[in-house]
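Inspection log for the structure reproduced underneath, given as structure tokens.
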Amino acid sequence: MQIGIFTVGDVTTDPTTGRTPTEHERIKATVAIAKKAEEVGLDVFATGEHHNPPFIASNPTATLAYIGAQTENIILSTATTLITTTDPVLIAEDYAKIQHLTDGRVDLMMGRGNTGPVYPWFGKDIRQGINLAVENYALLRRLWTESDVDWEGRFRTPLQGYTSTPRPLDGVAPFVWHGSIRSPEIAEQAAYYGDGFFHNHIFWPASHTEQMVRLYRERFAHYGHGTAEQAIVGLGGQFFMRKNSQDAVREFRPYFDNAPVYGHGPSLEDFTRQTPLTVGSPQEVLERTLSFREYAGDYQRQLFLVDHAGLPLKTVLEQLDLLGEILPEMRKGFAEGRGADVPDAPTHASLVAAAGGAHDTTVHAEDTMTGTTDREEVDA
């Protein structure tokens with residue numbers, strides 16, 4: 001079981017002080033949060049991808065590479081990579097490069113995003129969102145597993161004899177999760193390929209999460225990748241905690257009430273009752289999180305959103321310290337009663353082992369001037 005955090009990189013005014021951080025402050029805070037996540041023992045740090053104010057989460061590859069250079073163990077991921085508007089050729093290159101730079105500590109989550117205008121910004125039609133996700137991902141898989149790719153589709157120029165470089169580390173592509181809040185087509189896509197399915201799980205009731213995860217599990221088994229219980233599932237989540245639950249509610253309420261996403265809507269009490277948001281003591285957060293298995297089954301990855309709604313960096317780091325304190329009990333709770341056939345979360349090491357060991361897939365192309373390959377020139 002992997003436990004971690006994700007950020008959407010919002011730049012939001014702190015409602016208790018009226019101060020709005022600068023982009024520079026927010027970018028540097030993202031790095032500090034990731035480093036703190038590793039310090040307290042979390043397994044994963046993931047960043048979203050947004051290309052508009054009030055977010056600083058554009059170019060997630062630069063962010064992850066920079067964090068990767070300052071960490072040693074934590075897995076770096078995305079939440080999400082925009083498979084609809086980002087060229088799959090660029091995704092293939094960028095994430096293979098980060099894979100090499102971090103010695104395999106990277107995977108990624110594919111998604112369509114939640115900002116409609118991003119489609120025309122990148123020359124795409126939002127009405128083709130699902131079709132773009134399906135076609136672009138099919139091409140990405142080929143780019144990671146094949147060289148000399150010939151390809152033609154609906155949404156980009158054809159490829160003739162194209163080889164993406166660098167090739168995936170040890171001959172194994174980064175593991176892919178498909179993220180979705182409400183689209184059954186994405187659950188179907190994840191199941192078809194035997195990839196992971198990540199249900200964001202932060203705005204909708206448990207009944208919706210149960211329905212989406214069940215669909216993915218059933219289709220995973222249908223396509224012959226294993227039993228429904230062996231499907232690879234991830235969930236999002238949100239919390240705010242203090243040692244005393246009343247203090248947590250009092251401190252978090254102004255942030256909730258004014259948050260751009262869910263502020264000025266349902267009350268904090270209604271929202272925590274109807275969604276997985278938990279505001280209270282560490283014990284309450286622990287018990288609520290472990291209860292997710294009641295409707296999602298045993299799963300592989302739990303990510304929390306902790307740095308949103310204008311919360312200052314100091315408070316976010318305190319939240320991570322509190323999460324670190326209950327982390328051993330959370331791991332123990334997820335392990336109790338876990339089925340023997342439930343797989344662990346995929347890692348680079350496990351994927352390499354499943355592939356029969358590491359192998360170099362460097363393509364030594366022929367030099368059109370001399371007729372020799374790079375390998376021949378080195379050997380000479």
Side-chain angles (χ1 to χ4, degrees), residues 46-47 49 51 58-69 71 75-78 80-111 122-124 132-178 193 195 346-380:
T47 178
E49 179 180 349
H51 297 273
S58 61
N59 198 352
T61 51
T63 303
L64 294 180
Y66 186 79
I67 292 170
T71 55
I75 295 171
L76 306 173
S77 191
T78 56
T80 60
T81 297
L82 300 184
I83 188 64
T84 48
T85 55
T86 307
D87 189 343
V89 172
L90 184 63
I91 294 176
E93 293 177 344
D94 283 353
Y95 288 93
K97 177 67 72 67
I98 297 177
Q99 195 188 30
H100 282 271
L101 291 171
T102 61
D103 296 319
R105 289 187 293 123
V106 64
D107 58 33
L108 63 164
M109 187 194 308
M110 301 297 179
F122 288 88
K124 306 299 181 183
L132 280 162
V134 172
E135 180 176 297
N136 284 352
Y137 183 59
L139 174 56
L140 176 61
R141 285 181 65 91
R142 289 192 60 192
L143 294 172
W144 271 338
T145 57
E146 303 174 27
S147 59
D148 297 320
V149 173
D150 293 326
W151 179 89
E152 185 171 352
R154 294 174 56 193
F155 301 111
R156 77 173 315 281
T157 53
L159 298 173
Q160 294 182 341
Y162 179 76
T163 298
S164 174
T165 60
R167 305 305 297 152
L169 176 65
D170 298 325
V172 174
F175 185 75
V176 169
W177 302 79
H178 298 260
Y193 288 108
D195 294 336
T347 64
H348 182 71
S350 69
L351 296 173
V352 168
H359 57 285
D360 178 41
T361 56
T362 301
V363 174
H364 297 272
E366 181 178 301
D367 187 320
T368 57
M369 295 294 292
T370 66
T372 61
T373 66
D374 293 340
R375 184 182 298 276
E376 288 171 343
E377 291 173 359
V378 171
D379 291 343

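Between the side chain of Gln99 and the backbone N or O of Leu169 there is at least one donor-acceptor pair closer than 3.5 Å. Within the 3.5 Å criterion, the main-chain N or O of Glu146 finds a donor-acceptor partner in the side chain of Arg167. Judged by distance alone, the side chain of Arg105 and the main-chain N or O of Gly68 form a donor-acceptor pair under 3.5 Å. A distance-only check finds no donor-acceptor pair linking the side chain of Asp170 to the backbone of Val172 [under 3.5 Å]. For the pair Thr102 (side chain) and Ile98 (backbone), a donor-acceptor distance under 3.5 Å is present. In terms of modelled atom types and a separation under 3.5 Å, the side chain of Thr163 and the main chain of Asp148 share a donor-acceptor contact.
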Next item on the list: Give the intermediate values and the outcome of side-chain contact (heavy atoms from CB on, under 4.5 Å) for residues Val176 and Arg141.
Entry: CA-CA 10 Å; Val176 169; Arg141 285 181 65 91; over 6 Å; no
Check: Stepwise, does the side-chain contact (heavy atoms from CB on, under 4.5 Å) test hold for Ile91 with Asn136?
Finding: CA-CA 10 Å; Ile91 294 176; Asn136 284 352; over 6 Å; no
Next item on the list: Evaluate side-chain contact (heavy atoms from CB on, under 4.5 Å) for Leu90 paired with Thr61, printing each intermediate quantity in order.
Entry: CA-CA 11 Å; Leu90 184 63; Thr61 51; over 6 Å; no
Note to self: Under the criterion side-chain contact (heavy atoms from CB on, under 4.5 Å), I'd like the reasoning laid out for Leu64 against Thr78: C-alpha separation, chi angles, the key distance, then a yes or no.
What the structure shows: CA-CA 9 Å; Leu64 294 180; Thr78 56; 3.9 Å; yes
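A distance of 10.5 Å separates OH of Tyr95 from CG of Asp107, quoted to the nearest 0.5 Å. Atoms OG and CZ, on Ser164 and Arg142 in that order, are 13.0 Å from each other to the nearest 0.5 Å. Annotation: the span from Thr71 atom OG1 to Leu76 atom CG amounts to 5.0 Å, rounded to 0.5 Å.
Counting heavy atoms from C-beta on, the side chains of Ile67 and Thr47 never come closer than 4.5 Å. Using a 4.5 Å heavy-atom threshold, the side chains of Leu140 and Met110 count as touching. Leu159 places a side-chain heavy atom less than 4.5 Å from the side chain of Leu139.
Listed here is the closest heavy atom pair of Glu152 and Pro158: CG-CG, 4.0 Å. In terms of heavy atoms, Thr80 sits closest to Glu49 at O-CB, 3.2 Å. The nearest pair of heavy atoms linking Ser58 to Thr63 is O-OG1, 4.5 Å. Ala173 approaches Leu351 most closely through the heavy-atom pair O-CD1, 4.0 Å. Here the shortest heavy-atom pairing between Lys124 and Thr84 reads CG-O, 3.9 Å.
Judged as a ring pair (Phe, Tyr, Trp, His ring centres under 6.0 Å), the pairs with a partner in residues 136-174 (not counting sequence neighbours) are, in order, Tyr137-His178, Tyr137-Tyr193.
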